[in-house]
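The structure appears right after this line, and notes come after that.
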Amino acid sequence: MTADPAAPGADVAFTTSGTTGAPVTWLRTTGQLAAEAALLAEELGPVDHVVSYAPARHLYGRILGVEVPRLLGAPVTDHGDDPLVPPALDRGARTLVVCLPSTWQLLLRRLPRLAECRAVVAVHSTARVPRAAHEVAGRLAGTGFRAVDVLGSTETGAVATRPVDPVRREEGVWRLLPDVTWDGADAAPGAAPPAAARLTVGGPRLARQPGGPRPATVTMPDLVVPAGPRGFRRLGRSPGLVKVNGVRCDLGLVEALVRRVAPGADAVCVPVADEVRGEHYALYYAGPSAVGPAELRARLATALGTLPGPRSVARVRRLPSPVPVPMPVPVPPSAVATGEEL
């Protein structure tokens with residue numbers, strides 16, 4: 001099952017949400033979409049039915065919820081507009097479930113049914129894997145269930161895959177898809193461990209912006225170290241970026257908005273793991289501002305627009321130091337002012 005990404009085809013536009021800056025439109029040809037669908041279909045195996053929770057306006061949802069089933073001739077149940085509805089599962093069908101981070105909570109409620117199914121493969125993409133995904137994978141070990149993590153972006157398409165580890169380890173090795181090139185180098189035997197670097201990839205499926213050429217390479221925000229031939233371990237994202245249920249959020253922008261809506265305040269956004277959304281962030285602020293946490297959250301709700309709001313807001317005596325995503329930062333109790341947390 002192959003497709004040529006360089007084959008002639010119409011451009012299809014995908015626009016980023018604008019949550020990490022101005023919205024950006026990226027163009028991919030129908031040939032590139034078909035090639036990515038073929039690669040992922042090979043990775044995922046035979047499918048009779050697709051249940052998708054990912055909106056088709058985003059590349060992840062388009063590829064796995066539209067292009068892969070079209071390629072395989074499989075019917076689709078689209079839950080993009082009703083993400084809280086548990087998936088309908090046919091015991092005799094080979095089912096592909098296209099997950100958001102929150103979807104894994106739905107799968108936890110369907111464990112007995114999932115265990116009875118002939119074959120189910122559930123796909124997670126890009127955001128930190130929530131604990132529920134590891135739990136589902138562990139409790140269904142030895143059945144026809146598989147969980148697969150896909151790394152990619154609107155600019156690059158799918159880059160690499162790995163199994164979701166049933167014992168909640170994040171250090172598993174990613175394997176590049178066959179048509180992806182990268183700037184990693186295999187470590188020589190006995191050599192010192194390679195330094196972490198941002199992941200730079202190339203290949204025939206890179207998107208282009210309107211009026212511009214297709215780039216030779218794209219540097220992603222993911223910090224990685226090489227791990228054998230065409231493999232790497234992902235350490236997280238470069239500081240300042242999280243994905244809240246699949247929506248990218250620039251923490252530096254949130255901090256700037258706090259300073260604007262609460263004059264005199266300074267702020268730090270701290271990335272934290274979230275069991276439902278995969279990743280999230282906590283907001284800590286300090287300074288002479290008289291604005292309390294509840295009022296600050298209300299002011300931010302308007303200023304943020306579509307940007308995901310913080311999971312919690314706390315006034316503190318001193319600000320914690322931010323660290324690279326996705327590691328949570330413990331904040332000493334002594335740093336938090338009395339009871340001012342929301």
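Since the model is a prediction, treat every value here as computed from it, not as a measurement.
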Any side-chain heavy-atom pair of [X] and [Y] under 4.5 Å:
{"X": "T143", "Y": "L114", "value": "no"}
{"X": "V159", "Y": "M220", "value": "yes"}
{"X": "H134", "Y": "V164", "value": "yes"}
{"X": "E155", "Y": "V24", "value": "no"}
{"X": "T103", "Y": "P83", "value": "no"}
{"X": "P204", "Y": "Q32", "value": "no"}
{"X": "V12", "Y": "F14", "value": "yes"}
{"X": "L199", "Y": "L151", "value": "yes"}

Say whether, by atom type as modelled, one donor and one acceptor occur between the side chain of [X] and the main chain of [Y] under 3.5 angstrom.
{"X": "R28", "Y": "T154", "value": "yes"}
{"X": "Y285", "Y": "V291", "value": "yes"}
{"X": "S52", "Y": "V98", "value": "no"}
{"X": "R62", "Y": "E67", "value": "no"}
{"X": "Q105", "Y": "A132", "value": "no"}
{"X": "Y281", "Y": "P308", "value": "yes"}
{"X": "D266", "Y": "A286", "value": "no"}
{"X": "R311", "Y": "H280", "value": "no"}
{"X": "R139", "Y": "L111", "value": "no"}

For the atom pair [atom1] ([X]) and [atom2] ([Y]), what is the distance rounded to the nearest 0.5 Å?
{"X": "D90", "Y": "R118", "atom1": "CG", "atom2": "CZ", "result": "10.0 Å"}
{"X": "T181", "Y": "R230", "atom1": "OG1", "atom2": "CZ", "result": "8.0 Å"}
{"X": "L33", "Y": "L71", "atom1": "CG", "atom2": "CG", "result": "12.0 Å"}
{"X": "Y53", "Y": "L106", "atom1": "OH", "atom2": "CG", "result": "5.0 Å"}
{"X": "D165", "Y": "D149", "atom1": "CG", "atom2": "CG", "result": "11.0 Å"}
{"X": "L89", "Y": "R110", "atom1": "CG", "atom2": "CZ", "result": "5.0 Å"}

* Would R131 and E135 pass as an ion pair if we require N to O under 4.0 Å? ->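 Not counted as a salt bridge, because no side-chain N and carboxylate O are separated by less than 4.0 Å.
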* Give me the ring orientation class for W104 and F145: parallel if the planes are under 30° apart, tilted from 30 to 60°, perpendicular past 60°. =>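 Correct class here is perpendicular.
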* Indicate if V66 and I63 have the same hydrophobic cluster label, given that clusters are the connected sets of ILVMFWY residues with side-chain heavy-atom separations under 4.5 angstrom. =>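 Each belongs to a different hydrophobic cluster.
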* **Co-membership, hydrophobic cluster, residues L251 and V261, 4.5 Å side-chain** =>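 Yes.
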